[in-house]
Amino acid sequence: MVYAGEKEVRELLGVYFIMGSANCLKNPIEVLEDAIKGGITLFQFREKGAEALHGDEKKELAKSLQDICRKHHIPFIVNDDIELAIELDADGVHIGQDDESASKVRRRLGSNKLIGVSAHNVAQAKQAIIDGADYIGVGPIYPTVTKLDTEPVQGSTVIQSILRENIHIPIVGIGGITEKNAGDVIRFGADGVSVITAISHAPFPEKAAKKLASAVKIGH
Ligand SMILES: Cc1ncsc1CCOP(=O)(O)O
Ligand SMILES: C=C1C=NC(C)=NC1=N
Ligand SMILES: [Mg+2]
């Protein structure tokens with residue numbers, strides 16, 4: 001992927017689907033294909049939790065999902081697992097505060113890859129910029145049961161406190177986001193929304209993605 005400037009990154013964050021095998025009620029391959037048909041703009045492979053796949057099984061699933069993203073020109077991001085991202089030549093990685101710093105990851109990935117960092121306050125947002133991150137994931141905005149060890153639910157406060165500091169890094173909201181509240185997250189000032197279960201548990205993932213995409217568009 002050619003290096004994406006800030007404006008392209010903001011557009012890429014529109015409807016940012018995140019999924020691993022544990023988040024799916026049916027075949028992850030089908031869920032991703034339907035989500036892409038519905039208009040997601042970015043995909044993150046996040047294989048976590050008790051039943052998460054490991055080793056070759058994890059790599060094979062990642063490759064299958066990456067192939068689907070390539071076919072439809074959707075950038076493929078890997079959560080946490082830098083080695084896997086390098087091995088697959090993924091389009092980028094997403095790292096949390098407990099992972100290695102974005103500056104170290106940048107040295108390993110190079111300038112033409114996307115690096116996203118989870119940020120829960122202004123200081124972490126500022127550090128992410130210093131470290132060369134391309135975007136920050138801020139949340140949980142609303143309560144979520146998908147990730148049990150989240151920071152406290154913060155609603156719009158962190159997004160607004162970051163923007164009040166005149167910090168200009170692309171921001172994606174995360175946590176409990178659905179078609180009903182996605183527009184609010186954009187009105188709070190986020191460039192896009194990232195979701196897991198709103199799409200992965202939807203009876204029709206294509207329709208769920210479409211509804212999120214229109215809520216985001218209206219929110220802008
Ligand atoms: C990975 C992550 N980080 C903060 S909340 C969360 C889970 C989001 O899942 P959902 O969209 O199903 O609430
Ligand atoms: C924890 C996370 C926060 N934000 C994003 C975009 N992805 C994540 N895995
Ligand atoms: Mg992590």
Side-chain angles (χ1 to χ4, degrees), residues 13-25 28 31 35 40 42-54 58 77-82 85 92-102 105 114-129 131 133-165 167 169-202 208 212 215-216 219:
L13 294 177
V15 180
Y16 186 173
F17 180 36
I18 302 177
M19 175 182 70
S21 58
N23 309 117
C24 283
L25 307 176
V31 173
I40 65 167
L42 189 57
F43 176 71
Q44 179 187 132
F45 177 60
R46 178 177 177 274
E47 189 63 15
K48 273 191 139 167
E51 316 94 71
L53 303 176
H54 298 280
K58 175 179 175 183
I77 307 294
V78 175
N79 183 57
D80 282 359
D81 194 337
I82 313 300
V93 296
H94 186 90
I95 50 180
Q97 291 295 318
D98 56 347
D99 295 304
E100 58 186 308
S101 73
V105 171
L114 280 178
I115 296 178
V117 175
S118 299
H120 310 287
N121 54 50
V122 172
Q124 289 175 355
K126 286 182 174 171
Q127 190 57 50
I129 295 174
D131 289 347
D134 295 297
Y135 73 82
I136 53 175
V138 175
I141 309 290
Y142 304 108
T144 176
V145 294
T146 307
K147 173 180 162 93
L148 300 174
D149 58 338
T150 63
E151 301 287 318
V153 173
Q154 19 215 356
S156 67
T157 47
V158 182
I159 293 178
Q160 291 177 338
S161 59
I162 289 170
L163 294 174
R164 249 199 307 276
E165 293 278 322
I167 294 174
I169 187 170
I171 298 173
V172 66
I174 187 166
I177 298 179
T178 68
E179 66 201 57
K180 294 191 177 27
N181 58 34
D184 294 339
V185 177
I186 302 301
R187 278 185 285 279
F188 295 158
D191 296 289
V193 298
S194 54
V195 303
I196 300 183
T197 50
I199 293 178
S200 72
H201 283 191
L212 282 160
V216 164

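Note that the coordinates shown come from a computational prediction; the quantities given were computed from them, not determined experimentally.
Minimum heavy-atom separation, Ser200 to Val31: CA-CG1, 4.1 Å. The nearest pair of heavy atoms linking Ala198 to Ala208 is O-CB, 3.4 Å. When every heavy atom of Ala133 is checked against every heavy atom of Ile169, the shortest pair comes out as O-CD1, 3.7 Å.
Here the OG1-CE distance, from Thr146 to Met19, works out to 13.5 Å after rounding to the nearest 0.5 Å. Taking OG1 of Thr157 as the start and CZ of Arg164 as the end, the distance is 9.0 Å to the nearest 0.5 Å. Of the inter-residue distances, the one linking Asp80 atom CG with Gln44 atom CD reads 8.0 Å to the nearest 0.5 angstrom. Rounding to the nearest 0.5 Å gives a distance of 6.5 Å between CG of Asp149 and NZ of Lys48. Rounding to the nearest 0.5 Å gives a distance of 7.5 Å between NE2 of His94 and OG of Ser194. Rounded to the nearest 0.5 Å, atoms CZ (Phe45) and CD1 (Ile77) are 13.5 Å apart.
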Derivation and outcome, side-chain contact (heavy atoms from CB on, under 4.5 Å), residues Glu100 and Ile95
CA-CA 8 Å; Glu100 58 186 308; Ile95 50 180; 5.6 Å; no
Go through Lys58 and Asp81 one step at a time and tell me if the side-chain contact (heavy atoms from CB on, under 4.5 Å) criterion holds.
CA-CA 11 Å; Lys58 175 179 175 183; Asp81 194 337; 2.9 Å; yes
So Ser21 and Glu51, side-chain contact (heavy atoms from CB on, under 4.5 Å) or not? Walk me through it.
CA-CA 8 Å; Ser21 58; Glu51 316 94 71; over 6 Å; no
Evaluate side-chain hydrogen bond (donor to acceptor under 3.5 Å, both in side chains) for Gln97 paired with Ser118, printing each intermediate quantity in order.
CA-CA 6 Å; Gln97 291 295 318; Ser118 299; over 6 Å; no
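Thr144 has its side chain within reach of Thr150: a pair of non-hydrogen atoms, C-beta onward, lies under 4.5 Å apart. Looking only at side-chain heavy atoms (C-beta outward), His201 and Leu25 come within less than 4.5 Å of each other. Contact of the Tyr142 side chain with the Asp184 side chain is registered, since non-hydrogen atoms from C-beta on lie closer than 4.5 Å. Asn23 has its side chain out of reach of Ile18: every pair of non-hydrogen atoms, C-beta onward, lies at least 4.5 Å apart. Taking 4.5 Å as the limit, some side-chain heavy atom of Phe188 sits within range of a side-chain heavy atom of Ile141.
Aromatic ring orientation, Tyr135 versus Tyr16: perpendicular (interplanar angle above 60°, classes split at 30° and 60°).
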Counting only pairs under 3.5 Å, give me each side-chain donor-acceptor contact of residues 170-183, with atom names and distances, residues two or more places apart or in other chains.
residue: Thr178; atom: OG1; partner: Lys180; partner atom: N; Å: 3.1
residue: Asn181; atom: OD1; partner: Thr178; partner atom: N; Å: 2.8
residue: Asn181; atom: ND2; partner: Gly176; partner atom: O; Å: 3.1

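Shown here are the salt bridge (Lys or Arg N to Asp or Glu O under 4.0 Å) partners of Glu165, two or more places apart in sequence or in another chain: Lys126.
Looking at Asn121, its side chain does come within 3.5 Å of a backbone N or O of Ala123 through a donor-acceptor pair.
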